[in-house]
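Data block below; observations after.
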2 protein chains.
Amino acid sequence: MSALPIAAVERDTGIPKDTLRVWERRYAFPQPVRDDKGERLYPAEQVEKLRLLRRLLDQGHRPGSIVAAPTEALAALLEPAGERGREPADPGIAALIDLVRLHRSAELRATLQQHLVKLGLQRFVSELVAPLSRAIGEAWLHGEIGVAEEHLFTEHVQNLLRSSISSLGTGSRSPRILMTTLPGEEHILGLLMVEAMLAPEGVQCISLGAQTPLADIAQAARDGQFDVVAVSFSAAFPARQAFRGIEQLRDALPASIALWAGGAALHGKRKRIDKVQQIAQLDDLPDALAEWRKAN
Amino acid sequence: MSALPIAAVERDTGIPKDTLRVWERRYAFPQPVRDDKGERLYPAEQVEKLRLLRRLLDQGHRPGSIVAAPTEALAALLEPAGERGREPADPGIAALIDLVRLHRSAELRATLQQHLVKLGLQRFVSELVAPLSRAIGEAWLHGEIGVAEEHLFTEHVQNLLRSSISSLGTGSRSPRILMTTLPGEEHILGLLMVEAMLAPEGVQCISLGAQTPLADIAQAARDGQFDVVAVSFSAAFPARQAFRGIEQLRDALPASIALWAGGAALHGKRKRIDKVQQIAQLDDLPDALAEWRKAN
DNA sequence: GTCAACACTTTGTCCAGGACAAACAATGAG
DNA sequence: CTCATTGTTTGTCCTGGACAAAGTGTTGAC
């Protein structure tokens, strides 16, 4: 099969070049082949294992105990999480995953639309889209679907959410909320879900999309006279970096502007940050909103 | 002011750490301060100059002649391009840029909507959105607007285009077109503009969003029985990498699936690639489509 | 038993300075 | 002017060392 140079592996796995080299030195894995120039070439199956490692690290495992372990042992480590998420395997969700896997775009879209109309926007998001995203992520981890299928799913859901939110129009009640992600976080589905939860409450939500530099967020929040800044983190985002970024952003914001942070990267972490509203789940958003309105 | 560590500079400017260090060694710029650990800290104004350098490199200048030059000389180099783009300064576009600069979200949205209705989707894209994006990019380069404002603009245009495309429904005529960007290219506005040009022609457009790995694109194109794969590149994408990626993708696709490539990164480059349809401007898309239909 | 303070280990990121092939520019021959 | 050849520039990779921040385990006080 094909083998990738180190830069490509960094892009594919998200593990920096420096880390790849130091793992090789310390744990004797990965062990890339060398080309005629003496440069590293990583065989496909090692890249596969690196992806798995990345995920396990995100779950809290430590490199010393897993990098050198055989691939089968790692797959076993992932199982518990897999089974936990798969308890009831909601038939509706399973059906949707099948549509994604089979590239049935038209039916996928129609089915999502049906659910949306049936549940209403907020319940559609918290009861269907959220668990479905999680299930898609799991399925990808287990090799049941590919990257392209995951993208296809994301794209359809985004379109649906965006047009729903759009049709609501911009709200007129306070607070004014500025939403974005920090540099390094390119996933905006979480952000859209937040917007979908809040928009029906008449809030003025403005999204800046992904990866706005900290200084620019703070500047924009002041210029646009926002009351709240909301940031979201996907499961793929390293938790430490998230906490660091949140703290920096809080310090860059005036005290009069609240900071809300949420997303899968923060789940299960007990750490709390002063003066920051942490959103554990989507359902908590309406409460956070009510609380803000009461306090202001 | 603030000074950034090397990793942050890499993220902000897109210039790899290795390159930053080798420039310092060879051209005596940048010259970061050192903190107490001996690690580099780049002052804000040097980071600013690095951003400028990045853009000049993309325009074809070479490091040896510009990295060591004083900032004022570099700004002068940029002028010609600036003036060329500013010939008539369409009043409608200037007005929109002002709305972006002043964070007037509601009016921005309303004005865009008016233009859309007045021009129709295709002309809206090719006559307004395309030159407007270019103007926004220029304005950002000259420091007239910030990153946040650029994001705000992108977000609004995206919402508008997506809901327009969405309301057209999926087309039923051939060809089936799979659209995405290659790894490293995160901007999808170009892709949306393409979709907006093609969707009214009844084409079946499916977008995978940004950054789909090559192998997954090829796999998805086959699985989904697509006729055409279309990829787009923003001005920020390095041209060489684009050409390399396009060639690899072409080789990974069966001969029966056409490959279309376009975007600002490819403009002005005379290089042609065998068996790849290169789209110079958005207006050429209907022609390319007609040609494909004639040939099939 | 809980909690805080301490020492020890692990781990990611940075550094210096060298190397080399691919891309580019300059030169010369037909 | 066109094409091939030579020389220079430039990004990326290499090795091996260093160190602080984060994590883990232990001890002792309450």
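Proteins come first, then strands; the chains are lettered A, B, ... in the order of their sequence lines, and each starts at number 1. Since we're looking at a predicted model, the values are computed, not measured.
- Counting 5' to 3', DNA chain D first comes under 4.0 angstrom of a heavy atom of chain A and last does so at the ends given by D:dC13 to D:dT24.
- Take B:Lys17 and apply the salt bridge (charged side-chain N to carboxylate O under 4.0 Å, His left out) test, not counting sequence neighbours, and it matches B:Glu10.
- For the residue pair B:His151 and B:Glu149, no side-chain donor N or O sits within less than 3.5 Å of a side-chain acceptor on the partner.
- Axis angle between the ends of the helix from C:dG1-D:dC30 to C:dG30-D:dC1, five pairs each and rounded to 10 degrees, works out to 30°.
- Taken residue by residue, residues 21-33 of chain B places heavy atoms nearer than 4.0 Å to DNA chain D at B:Val22, B:Trp23, B:Arg26, B:Tyr27.
- For A:Ala7 and A:Asp18, each mapped to the nucleotide of DNA chain D holding its nearest heavy atom, the one lying further toward the 5' end belongs to A:Ala7.
- Judged as a side chain to side chain contact (heavy atoms under 4.5 Å, CB included), and not counting sequence neighbours, the contacts of B:Glu72 are B:Pro70.
- Rounding to whole angstrom units, CD of residue A:Glu10 and C1' of C:dT13 are separated by 12 Å.
- Neither side chain, A:Thr181 nor A:Gln211, offers a donor N or O lying under 3.5 Å from an acceptor on the other.
- When all heavy atoms are compared, the tightest approach of B:Leu41 to B:Pro5 is CD2-N, 3.8 Å.
- For the residue pair B:Ser133 and B:Met193, the shortest heavy atom distance occurs at OG-CE, 4.4 Å.
- Not counting sequence neighbours, the partners of A:Asp216 by the side chain to side chain contact (heavy atoms under 4.5 Å, CB included) test are A:Thr212, A:Pro213, B:Val147, B:Ala148.
- At the heavy-atom level, A:Pro5 lies nowhere under 4.0 Å from the strands shown.
- The nearest whole Å value for the distance from the CD1 atom in A:Ile15 to the C1' atom in C:dT11 is 13 Å.
- Evaluation of the side chain to side chain contact (heavy atoms under 4.5 Å, CB included) rule for B:Ala252 yields B:Ala218 as partners, not counting sequence neighbours.
- Contact record, A:Leu208 with A:Ala220: CD1-CB, 4.5 Å, taken as the closest heavy-atom pair.
- In this view, B:Glu150 satisfies the salt bridge (charged side-chain N to carboxylate O under 4.0 Å, His left out) rule with no residue, not counting sequence neighbours.
- Applying the salt bridge (charged side-chain N to carboxylate O under 4.0 Å, His left out) definition to pairs two or more places apart or across chains, those involving residues 27-39 of chain A are A:Glu24-A:Arg34.
- In terms of the ring pair (Phe, Tyr, Trp, His ring centres under 6.0 Å) criterion, A:Tyr42 has no residue partners (sequence neighbours excluded).
- Position along DNA chain C of the nearest nucleotide to A:Gly64 versus B:Arg34 favours A:Gly64 as the more 5'-ward residue.
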Any N/O pairs under 3.5 Å between the protein and nucleotides 21-24 of chain C? List them or say none.
{"from": "C:dC24", "atom 1": "O3'", "to": "B:Arg62", "atom 2": "NH1", "distance (Å)": "3.2"}

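- A search for salt bridge (charged side-chain N to carboxylate O under 4.0 Å, His left out) contacts involving A:Asp12 returns A:Arg51, not counting sequence neighbours.
- One can place CG of B:Asp35 at 11 Å from P of C:dC14, the figure rounded to the nearest angstrom.
- Put simply, NZ on B:Lys17 is 9 Å from P on C:dC15, counting in whole angstrom units.
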